[in-house]
Peer 1: 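This is the structure I have questions about; it appears just below.
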Number of protein chains: 2
Amino acid sequence: MVTLAEVAQHAGVSASTVSYVLSGKRSISANTRQRVERSIRELGYHPNAGARALASSRSNIIALMIPLRTDMYVPVMMEIAIAVATAARTHGHDVLLLTGEEGPDAVRRVAGSGLADGMILMDVELDDERMPLLRATDQPSVLIGLPADTTGLTCVDLDFRATGALCVEHLAKQGHQDIAVIGEAPAVYERHTGFAERTLDGLRTRSRELGVRLLHRPCEGGYDAMAVTLARILDERPDTSGIIVQNESAVEPLLALLRQQGRAVPEDVSVVAICPDQVATQASVRLTSVAIPAQEMGRHAVEQLVAKFEGRGSDEVVLLAPELTVRGSTGPAPTRP
Amino acid sequence: MVTLAEVAQHAGVSASTVSYVLSGKRSISANTRQRVERSIRELGYHPNAGARALASSRSNIIALMIPLRTDMYVPVMMEIAIAVATAARTHGHDVLLLTGEEGPDAVRRVAGSGLADGMILMDVELDDERMPLLRATDQPSVLIGLPADTTGLTCVDLDFRATGALCVEHLAKQGHQDIAVIGEAPAVYERHTGFAERTLDGLRTRSRELGVRLLHRPCEGGYDAMAVTLARILDERPDTSGIIVQNESAVEPLLALLRQQGRAVPEDVSVVAICPDQVATQASVRLTSVAIPAQEMGRHAVEQLVAKFEGRGSDEVVLLAPELTVRGSTGPAPTRP
DNA sequence: AAATCGTATCGAAGCGCTTCGACAACCTAT
DNA sequence: ATAGGTTGTCGAAGCGCTTCGATACGATTT
């Protein structure tokens, strides 16, 4: 393994000079710089990560804590993770993958060991046990998702409240008066996951303002659960003409069931989904949807964190504005006979 | 930040003693050990990762290289990634997430900098440009997936050849004579991804042995592409009574189309899927399927790698045996009129 | 001509840990 | 009682890098 000292010797300069060429923290004559750079190339030198971390107390690593659960929104998480990794690289950082399994201990471990310079947490719950720790340590961090109390924290998320409102507006504008919301699995609401509750809040508030009726039902994924949920909804509100789905694994079953029951989309029923674009475009009907801007969230989180490393950056909550893309699954409400 | 030296002082011993308590590499009296452990707890000491890596030249980090593409098998990748992270922790390692973006450079960077003790590569292509590098460096590595030439490499994968054979057998045993295979997107085959080709090989070989007719068609995901593909298949081989799908995003469209055309599953057509269990059980028909053992693959890869760290472990190819789970989507072939 | 300054380089200290050899202190076998 | 083994602990060297003065030297100003 090639060391700094070897490069220095090869280039006929001192070790510190090589270090300064690498970091650019002091001016180096063009001549020397070129000699050093040539030696680095010829010897195939790579700085030793451990030594660098020790001497500079900066590891150039960002820890990313993803949930252990693989029951929900997996492609979105993956997309965020990849966006984080990609963005981190452009800032000269690598990404350490932590699963939620360790819970708060992981925060302690990473902060304590100097393994990472900062961390990004996904799947934040409203009352998350990691928050007190995060506030206590001086380890910079950014959350993807929103806890109940955001004081002293930096967060990035889709504005789910606005998302809910946007969906209702879109349907109401087309004359729909009875709207059903098919949500995530009951467990998600029981866990008080922030995004689910905030969406619901947005949906309810806006529908109240617009004077449309709203019925919300959680739903496990899959065909069978969907059949039961849909039957109950149509039983309670036979005039339902608009459906908003916020549950990836309920989308296709819903469409299949509607088709089976002879309800045409969008002629008889309009459907709006809150889901990744991929799901919306690959469904059996191209769905009008609000996408989860995974890429943007990941990139944003990294940039906030890097800003903190450099002393700029502040504790703020960034809510990304939702965008509704109209595709083929929504249209005017049918006129009642 | 608490250091080893501070712990030593607090416990009234030397720094090296604390180190030996931590590593267990020399015997320590029960008395001293307890005093030290108590100090560690009271001071909230965490060893500094950089210093440790520098002194021991072991970072306790495993690099995991995942593909950048998010167009295929995302949940499986995620599951593997999580399994790797979890397994790594049980062996005292953390996981560094590398995207395929950097390609071979990432291998050089990680090996050169001592950032990780070894690496696990996913999404290996048959003729992968990273392989020569991997063979050249002394950085231990394990592949998830199989390149064309496996000499000098350690690989873990599902036995896709056996998987193909198993699917054909299952259908043939029930009397199906005309079997169609709906595969991955054409791009996957053009890229010469190992698993796709090996599956196909297993399918073809076994169907020849059993004397059944086999028709293979690649297929983009989604409803529209599936409609075209299915129409072509039924046009060419109207007697097709068994279908094998190896394409997650084609599963649900296929079922929807069959239903729409009045072909009952499994009465008229039997369907076998090669996909994660989650997809098979959540589909509108519970699918007979061969699962991708993501957890097991991840765990296995980590264990092979850790074995290499410790000097045991060898270059071998581990092919996990496929298991076919019979659910509701397969039955006897219909008797021809 | 001396004083001042900026630029380019070097030497040395030190980051927090592991590990090796040394050395007491004690226990056994002669 | 002495040689030889254990067992438990310590001190010091060093891992490869960053970074802080210090220094040397040419360019500028007084």
Side-chain angles (χ1 to χ4, degrees), chain A residues 1-37 39-40 43-61 92 94 109-117 309, chain B residues 1-37 39-40 43-61 92 94 109-117 309:
Chain A
M1 195 179 243
V2 191
T3 68
L4 224 216
E6 290 170 332
V7 173
Q9 191 173 12
H10 186 270
V13 298
S14 76
S16 50
T17 301
V18 177
S19 178
Y20 286 123
V21 167
L22 251 27
S23 68
K25 292 191 178 173
R26 284 203 184 171
S27 51
I28 297 287
S29 69
N31 179 13
T32 306
R33 155 170 294 115
Q34 279 163 19
R35 272 218 322 290
V36 170
E37 279 167 353
S39 297
I40 289 178
L43 298 179
Y45 169 73
H46 284 269
N48 181 91
R52 194 165 246 196
L54 178 57
S56 66
S57 39
R58 304 269 270 94
S59 64
N60 286 322
I61 288 181
D94 276 297
R109 194 166 59 83
V110 170
S113 67
L115 230 186
D117 296 333
F309 293 162
Chain B
M1 195 179 242
V2 191
T3 69
L4 225 216
E6 289 169 332
V7 173
Q9 192 172 12
H10 186 270
V13 297
S14 76
S16 49
T17 301
V18 177
S19 178
Y20 287 123
V21 166
L22 251 27
S23 68
K25 291 192 178 173
R26 284 202 183 171
S27 51
I28 297 286
S29 70
N31 180 12
T32 306
R33 154 169 296 116
Q34 280 164 19
R35 273 218 321 290
V36 170
E37 280 166 354
S39 297
I40 288 177
L43 299 178
Y45 168 71
H46 285 270
N48 182 90
R52 195 165 244 196
L54 177 57
S56 66
S57 37
R58 305 270 270 93
S59 64
N60 286 321
I61 288 182
D94 276 296
R109 193 167 60 85
V110 169
S113 67
L115 229 186
D117 296 333
F309 294 161

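Quick note on labels: first sequence line is chain A, next is B, and so on, each numbered from 1. In this text the structure is predicted, and so the values were computed from the model without any measurement. Side chains are part of it too, since the values below use all heavy atoms of this structure and drop only hydrogens, waters and symmetry mates.
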Peer 1: Using whole Å, what does the distance between atom C1' of nucleotide C:dC10 and atom CD of A:Gln9 come to?
Peer 2: 15 Å

Peer 1: Check side-chain contact (heavy atoms from CB on, under 4.5 Å) between A:Gln34 and all other residues, then give those that pass, not counting sequence neighbours.
Peer 2: none

Peer 1: List, one per line, each side-chain donor-acceptor pair under 3.5 Å for residues 24-32 of chain B, sequence neighbours excluded.
Peer 2:
from, atom 1, to, atom 2, distance (Å)
B:Ser29, OG, B:Thr32, N, 3.3
B:Ser29, OG, B:Thr32, OG1, 2.8

Peer 1: B:Ala51: which residues meet the side-chain contact (heavy atoms from CB on, under 4.5 Å) condition with it, sequence neighbours left out?
Peer 2: A:Leu54, B:Asn48

Peer 1: Between A:Arg33 (CZ) and C:dT7 (P), how many Å, whole number?
Peer 2: 14 Å

Peer 1: Describe, as an angle rounded to 10 degrees, how the axis at the first end of the helix from C:dA1-D:dT30 to C:dT30-D:dA1 is tilted relative to the axis at the last end, five pairs per end.
Peer 2: 40°

Peer 1: Rounded to whole Å, how long is the line connecting atom NE2 of B:His46 with atom C1' of C:dC17?
Peer 2: 16 Å

Peer 1: Round to a whole Å and report the spacing from CG of B:Asn48 to C1' of D:dG16.
Peer 2: 14 Å

Peer 1: B:Met1 CE to C:dG16 P: how many Å, rounded?
Peer 2: 8 Å

Peer 1: I'd like a table of atom pairs between the protein and nucleotides 18-20 of chain C - only N or O on both sides, under 3.5 Å - with the distance next to each one.
Peer 2:
from, atom 1, to, atom 2, distance (Å)
C:dT18, OP1, B:Arg52, NE, 2.9
C:dT18, OP1, B:Arg52, NH2, 3.3
C:dT18, OP2, B:Ser19, OG, 2.8
C:dT19, OP2, B:Lys25, NZ, 3.0
C:dC20, N4, B:Tyr20, OH, 2.6

Peer 1: Please enumerate all residues that pass salt bridge (charged side-chain N to carboxylate O under 4.0 Å, His left out) together with B:Arg109, with sequence neighbours excluded.
Peer 2: A:Asp94, B:Glu102

Peer 1: What pairs of donor and acceptor atoms, side-chain ones from residues 1-10 of chain B against any protein atom, are under 3.5 angstrom apart with sequence neighbours left out?
Peer 2:
from, atom 1, to, atom 2, distance (Å)
B:Thr3, OG1, B:Ala5, N, 3.4
B:Thr3, OG1, B:Glu6, N, 3.3
B:Glu6, OE1, B:Thr3, N, 2.8
B:His10, ND1, B:Ser39, OG, 2.8

Peer 1: side-chain hydrogen bond (donor to acceptor under 3.5 Å, both in side chains) with A:Ser19: which residues, sequence neighbours excluded?
Peer 2: none

Peer 1: Could you grab the distance from atom CG of A:Leu115 to atom CZ of B:Arg52, nearest 0.5 Å is fine?
Peer 2: 10.5 Å

Peer 1: Just to verify, what does A:Asp117 make a side-chain hydrogen bond (donor to acceptor under 3.5 Å, both in side chains) with, not counting sequence neighbours?
Peer 2: A:Arg58, A:Ser59

Peer 1: Under 4.0 angstrom, heavy atoms only, what part of the nucleic acid is B:Leu54 near: base, sugar-phosphate, or nothing?
Peer 2: base

